[in-house]
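Written below as structure tokens is the structure these notes are about.
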Amino acid sequence: MSGFQSPRGLRDLLEPLASAHGWAIDRAWAAADAAGYARIELPIAEESGLFERAVGGTSDIVAKELYRLEPRGDDAVSLALRPEATAGAVRAYIQHGMRSQPQPVRLVTVAHLFRYDRPQKGRYRQFTQFDLEAIGDGGPGIDLEVIELGAAYLRNLGLSDVQVHLNSVGCSACRPAYVESLRAYFTPAMHELSEVDQSRLTANPLRLLDSKDPAVIKRVADAPLITDHLCGDCAAHHAAVMAGLATIGVTVLAAPRLVRGLDYYTRTAWEYLLPGEQGQQGALGGGGRYDGLVELLGGPATPAIGFAIGIDRVVLALEERGLLPVRAVGATIVVAGIEPDSVADRVAIASQLRTAGSSARADVSSRKIGRQLESAVRDGARAVIIVEPDGRLTLRDLVKASQAEPAERSEVIAAALRLVQNEG
RNA sequence: GUGGCCAUCGUUCAAUGGUUAGGACCGCGGUUUGUGGAGCCGCAGAUGAGGGUUCAAUUCCCUCUGGCCACCCCA
């Protein structure tokens with residue numbers, strides 16, 4: 001087969017996956033609506049510099065995964081496809097003066113994101129995140145609200161065993177000292193480390209904590225924990241969050257070695273995981289506090305927190321567990337006809353049924369009536385209306401396999417609607 | 001970006017260094033001329049792309065493209 005195909009890592013969503021994605025997204029909006037979050041739709045591209053500043057120029061997301069757009073015409077700045085949603089949300093917060101709204105500003109969006117990465121199951125170059133942000137409140141209470149919202153969303157979808165793995169990554173006052181102690185711990189064993197881990201030791205020792213190397217994992221077990229090195233404020237905040245979540249009843253596991261990929265996180269950091277899942281599919285989402293980001297992007301010093309949950313991975317997990325909702329794709333009523341030249345009537349009648357609130361479609365073929373009935377049955381239709389040669393209509397109940405006598409149009413349409421609506 | 005496995009009709013599976021690459025499902029048509037998921041009959045539909053080896057390649061080799069797995073990283 002020659003010709004075009006979808007580019008690597010970019011996929012078509014066909015039924016039933018297309019409906020499942022839409023459903024998961026609808027549920028995300030609804031969950032946030034119910035908690036009083038304001039919807040925000042953000043552009044799919046931003047200035048490249050926004051991401052470089054927010055995410056960190058040396059991070060993989062910017063250094064090698066950013067889709068940069070070719071500059072066009074008189075564009076003054078270079079654009080990039082968004083690799084994450086938080087930077088844009090914070091940019092919007094600053095740009096629209098949301099600091100003058102009651103704090104925190106609660107925002108929700110569903111964002112299609114792009115990262116130039118090697119595709120794998122559950123990981124695509126275009127993917128979708130349910131993104132929730134609360135900007136302007138530094139207390140542990142908002143942490144509880146946000147963490148719980150994400151957990152409840154996943155649980156209510158049917159992923160009842162979702163776990164929250166929680167950690168604190170400290171702040172600019174205490175993290176640097178911890179990083180140094182970590183470096184000091186691993187440096188004596190440097191020659192035993194793999195090439196990858198050696199470079200991590202110099203560039204970002206925190207990453208050693210989730211190394212896959214068995215030897216390193218063993219050594220990590222005795223490594224200093226950040227939760228033992230937090231400054232007083234961070235420790236108090238962390239303790240309050242842990243205690244609060246216990247009260248709320250969210251399943252929380254202390255994860256003192258959890259590190260997150262984006263540079264801007266401070267203090268509270270967490271992930272939503274499914275136990276038993278290996279590899280990429282298990283991590284459904286994650287979040288964290290980013291108390292320095294608003295200021296970093298040019299706004300006033302403002303604490304904030306948010307999470308991102310991967311819709312693609314949620315749908316994958318639901319699919320593997322057989323929890324995908326089934327949505328009937330076919331119409332409830334099919335309008336068939338004996339004579340081929342009745343198609344216009346059929347289309348008109350189907351439209352009338354839809355206007356009245358039913359789902360209906362015309363059979364626009366010139367096939368024999370037997371074929372039309374057969375295809376209606378296979379489409380899962382509840383009833384068929386047959387246009388007779390004399391223009392009158394016959395209502396056929398496909399479940400009872402019974403059929404009324406031909407009658408006038410308005411009468412039959414009313415009867416069809418009654419039949420369908422009686423069953424909800 | 002690194003390493004590995006893989007690639008046949010829309011789907012799912014066969015087969016082969018040598019005439020027309022086979023089945024099932026799906027689709028379309030027929031089943032004697034207007035009423036149901038079955039049955040029967042028929043039709044359509046594929047070796048991902050490009051090179052190479054060979055008398056001959058879908059089969060062997062290379063490149064590309066895409067999928068999957070591990071790593072990197074992350075959702």
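Here is how names work: the chains are called A, B, and so on, in the same order as the sequence lines, proteins then strands, and each is numbered from 1. Side chains included, hydrogens not; waters and symmetry mates left out as well; all remaining heavy atoms used.
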Handout entry: Any N/O donor-acceptor pair, A:Gln5 side-chain to B:G48 base, under 3.5 Å
Key = no

Exercise for the section: Using the P atom on both, measure B:A46 against B:G22 and round to a whole Å. Expected result: 11 Å

Handout entry: Modelled atom types, side-chain donor and acceptor of A:Thr332 and A:Ser358, under 3.5 Å
Key = no

Exercise for the section: State whether A:Lys368 places a side-chain N or O below 4.0 Å from either non-bridging phosphate oxygen (OP1 or OP2) of B:U31. Expected result: yes

Handout entry: Presence of salt bridge, A:Asp197 and A:Arg219, under 4.0 angstrom
Key = no

Handout entry: Whole angstrom value for the distance that separates C1' of B:U33 from CZ of A:Arg367
Key = 18 Å

Exercise for the section: Identify whether the distance between the nearest side-chain nitrogen and carboxylate oxygen of A:Glu84 and A:Arg115 falls below 4.0 Å. Expected result: no

Handout entry: Distance between P atoms of B:C60 and B:C6 (Å, rounded)
Key = 11 Å

Exercise for the section: With a 3.5 angstrom cut-off on both distances, give the Watson-Crick or G-U wobble partner of B:C60, or none if there isn't one. Expected result: B:G52

Exercise for the section: Tell me what A:Asp312 touches on the nucleic acid: a base, only sugar-phosphate, or nothing, going by heavy atoms under 4.0 Å. Expected result: nothing

Handout entry: A:Arg260 side chain near B:A75 phosphate (N/O to OP1/OP2, under 4.0 Å)
Key = yes

Exercise for the section: From the options B:A75, B:C72, B:G67, select the nucleotide whose nearest atom is closest to the side chain of A:Ala308. Expected result: B:A75

Exercise for the section: Check whether the side chain of A:Arg313 and the base of B:C74 form a donor-acceptor pair under 3.5 Å. Expected result: yes

Handout entry: Distance test, side-chain N/O of A:Arg118 to OP1/OP2 of B:C71, below 4.0 Å
Key = no

Practice task
Name the nucleic acid region contacted by A:Arg396, choosing base, sugar-phosphate or nothing; use a 4.0 angstrom heavy-atom cut-off, strictly under.
Solution key: base

Exercise for the section: Before accepting this row, confirm whether a basic side-chain N of the pair A:Asp143/A:Arg267 lies closer than 4.0 Å to the acidic partner's carboxylate O. Expected result: no

Problem - Opposite nucleotide pairing with B:G29, Watson-Crick or G-U, both atom distances under 3.5 Å - result: B:C41

Exercise for the section: Considering just the side-chain nitrogens and oxygens of A:Arg378, establish if one lies under 4.0 Å of OP1 or OP2 belonging to B:G27. Expected result: yes

Fill in the blank from the handout: 5'-most contact on RNA chain B (nearest-nucleotide basis), A:Tyr116 vs A:Gln129, goes to A:Tyr116

Problem - Nearest-neighbour nucleotide for the A:Ile369 side chain, B:A75, B:G34, B:C72 considered - result: B:G34

Practice task
Would you classify A:Gly337 as touching base, sugar-phosphate or nothing, given that sugar-phosphate means primed atoms plus P, OP1 and OP2, and contacts are heavy atoms under 4.0 Å?
Solution key: nothing

Fill in the blank from the handout: Per atom distances to the A:Arg207 side chain, the nearest of B:C74, B:C71, B:G66 is B:C74

Problem - More than 12 heavy atoms of other groups within 6.0 Å of A:Tyr67 OH - result: yes

Exercise for the section: Look at all strands and tell whether A:Arg371 reaches a base, only sugar-phosphate, or nothing, counting heavy atoms closer than 4.0 Å. Expected result: base

Exercise for the section: Using Watson-Crick or G-U wobble geometry with both distances below 3.5 Å, tell me the partner of B:C71, or none. Expected result: B:G1

Exercise for the section: Using Watson-Crick or G-U wobble geometry with both distances below 3.5 Å, tell me the partner of B:A46, or none. Expected result: none

Handout entry: More than 12 heavy atoms of other groups within 6.0 Å of A:Glu15 CD
Key = yes

Practice task
May I ask you to verify if any side-chain N or O of A:Gln120 is less than 4.0 angstrom from the OP1 or OP2 atom of B:A70?
Solution key: yes

Problem - Value in whole Å for how far the P atom of B:G29 lies from CD of A:Gln372 - result: 10 Å

Practice task
Please work out if A:Leu398 contacts a base, only the sugar-phosphate, or nothing of the nucleic acid, heavy-atom cut-off 4.0 Å.
Solution key: base

Practice task
Would you indicate what A:Ala376 reaches in the nucleic acid, counting non-hydrogen atoms under 4.0 angstrom: base, sugar-phosphate, or nothing?
Solution key: nothing

Handout entry: Lys/Arg N to Asp/Glu carboxylate O, A:Asp131 vs A:Arg82, below 4.0 Å
Key = no

Handout entry: Carboxylate-amine/guanidinium proximity below 4.0 Å for A:Arg53 and A:Glu47
Key = no

Problem - Nearest to side-chain heavy atoms of A:Arg115, which nucleotide of B:A75, B:G67, B:C28 - result: B:A75

Fill in the blank from the handout: Taking B:G29, B:C72, B:G36 as options, the one with an atom nearest any side-chain atom of A:Glu374 is B:G36

Practice task
Scan A:Arg200 against the nucleic acid and name what it touches under 4.0 Å (heavy atoms): base, sugar-phosphate only, or nothing.
Solution key: sugar-phosphate

Exercise for the section: Under 4.0 Å between any heavy atoms, over every strand shown, what does A:Gln403 touch: base, sugar-phosphate, or nothing? Just pick one. Expected result: base

Practice task
Please determine, for B:U12, whether a Watson-Crick or G-U wobble partner exists with both distances under 3.5 Å, and give it or none.
Solution key: B:G23

Practice task
With heavy atoms under 4.0 Å as the rule, sort A:Glu84 into base, sugar-phosphate or nothing.
Solution key: nothing

Practice task
Have a look at A:Ile311 and say if it touches a base, only the backbone sugar-phosphate, or nothing, with a 4.0 Å heavy-atom cut-off.
Solution key: nothing

Problem - Options B:A75, B:G34, B:C68, nucleotide nearest the side-chain atoms of A:Lys121 - result: B:C68

Exercise for the section: Would you indicate, yes or no, if B:C72 has its OP1 or OP2 atom less than 4.0 angstrom from a side-chain nitrogen or oxygen of A:Lys212? Expected result: yes

Handout entry: Nearest-angstrom distance, C1' atom, B:U20 to B:A44
Key = 16 Å

Completion exercise
Here the distance between atom P of B:C74 and atom OH of A:Tyr272, to the nearest Å, is 18 Å

